[in-house]
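I have placed the structure first, in the form of structure tokens, so that the comments after it can refer back to it.
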Amino acid sequence: MVPEQDLEAVLDELRRLRTRVPQLTGALAAGVDGLVVAHDTPGVDPEGLAALTAASLGVAVRVADATGNGGFRELLVRGDHGYIATYAAGRTAVLTLLAQDRVNVGRLHLEGRRAGARVGELLDAAESTARAARAERPARTVPARTRTTRTTRTTTTGPEARTATDS
């Protein structure tokens, strides 16, 4: 789990990115597992976009691997009404940008790569801090379970035996 202050820093980076590139219509930081980290995506379902980003990322990684072009860096999709660009953001996240069709694609890549690197730094640092905090905590000791020996039951039969309905 990423601390609230780190999530706010990621969201601030997304907002600044949208200010630097006015043709952006949305920005989303997500884990490679398809879970939303932070988003500024008015009019677009961030959970759905994160899930679709993870699916397209899986295909892009496989294509890059199959062609021998190395690890995933970015993916660009051009639709009739604009662009969807996804950039690697650290070890476990991606940055997905939505842009109008009139965006300068070179500027989109320049700003997207920079923002992806910044978001990756923020999330990787938060993950490292959380990992270090977990390592510093003393291990919880769970008392060993002991078994108690069972005593054998004896039942009485015959006229001495009483039941709950006997009075």
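As a member of the Ile/Leu/Val/Met/Phe/Trp/Tyr network built from side-chain separations under 4.5 Å, Val63 groups with Val59.
Here side-chain hydrogen bond (donor to acceptor under 3.5 Å, both in side chains) pairs that include residues 22-39, with residues two or more places apart or in two chains, are His39-Thr41. Sorted by first and then second residue, the ring pair (Phe, Tyr, Trp, His ring centres under 6.0 Å) pairs involving residues 64-110 (not counting sequence neighbours) are Tyr87-His109.
A single hydrophobic cluster is not seen to contain both Leu108 and Leu110; linkage of ILVMFWY side chains at heavy-atom distances under 4.5 Å, directly or through other members, places them apart. In the hydrophobic clustering of ILVMFWY residues, with side-chain heavy atoms under 4.5 Å counting as a link, Val77 and Leu28 come out together. Residue Val103 is not grouped with residue Leu49 when hydrophobic side chains (ILVMFWY) are merged at heavy-atom distances under 4.5 angstrom, including chains of intermediate members.
Partners of Glu47 under the side-chain hydrogen bond (donor to acceptor under 3.5 Å, both in side chains) rule, at least two apart in sequence or in another chain, do not exist in this structure. With sequence neighbours left out, the side-chain hydrogen bond (donor to acceptor under 3.5 Å, both in side chains) criterion links Arg62 to no other residue. Residues passing the side chain to side chain contact (heavy atoms under 4.5 Å, CB included) test with Ser128, sequence neighbours excluded: Arg91, Arg131. By the side-chain hydrogen bond (donor to acceptor under 3.5 Å, both in side chains) test, Asn69 pairs with Thr67, sequence neighbours left out. Applying the side-chain hydrogen bond (donor to acceptor under 3.5 Å, both in side chains) criterion to Asp40, with sequence neighbours excluded, gives Arg18.
The line from CG of Leu35 to OG1 of Thr92 is 11.0 Å long, rounded to the nearest 0.5 Å. Atom-to-atom distance recorded for Leu57:CG and Glu74:CD is 12.5 Å, nearest 0.5 angstrom.
Between Gly106 and Asn104, the shortest heavy-atom contact is N-OD1, 2.9 Å. Closest heavy-atom contact between Ala50 and Val36: CB-CG2, 3.7 Å. The nearest pair of heavy atoms linking Gly116 to Leu95 is N-CD2, 3.5 Å.
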Stepwise side-chain contact (heavy atoms from CB on, under 4.5 Å) test for Ile84 and Leu97
CA-CA 6 Å; Ile84 302 99; Leu97 305 177; over 6 Å; no

Show, in sequence, the C-alpha distance, side-chain angles and deciding distance for Val61 and Val32, and conclude whether the side-chain contact (heavy atoms from CB on, under 4.5 Å) test is met.
CA-CA 11 Å; Val61 166; Val32 294; over 6 Å; no

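For the residue pair Thr53 / Thr86, no side-chain donor-acceptor distance below 3.5 Å is found, with atom types taken as modelled.
Residues Leu24 and Leu98 are not in side-chain contact: their nearest non-hydrogen atoms beyond the backbone lie 4.5 Å or more apart.
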Please report, to 0.1 Å, the donor-acceptor pairs under 3.5 Å made by any side chain of residues 5-17, with sequence neighbours excluded.
unit_1 : atom_1 : unit_2 : atom_2 : d
Glu13  : OE1    : Arg16  : NH2    : 2.8
Glu13  : OE2    : Arg20  : NH2    : 3.4

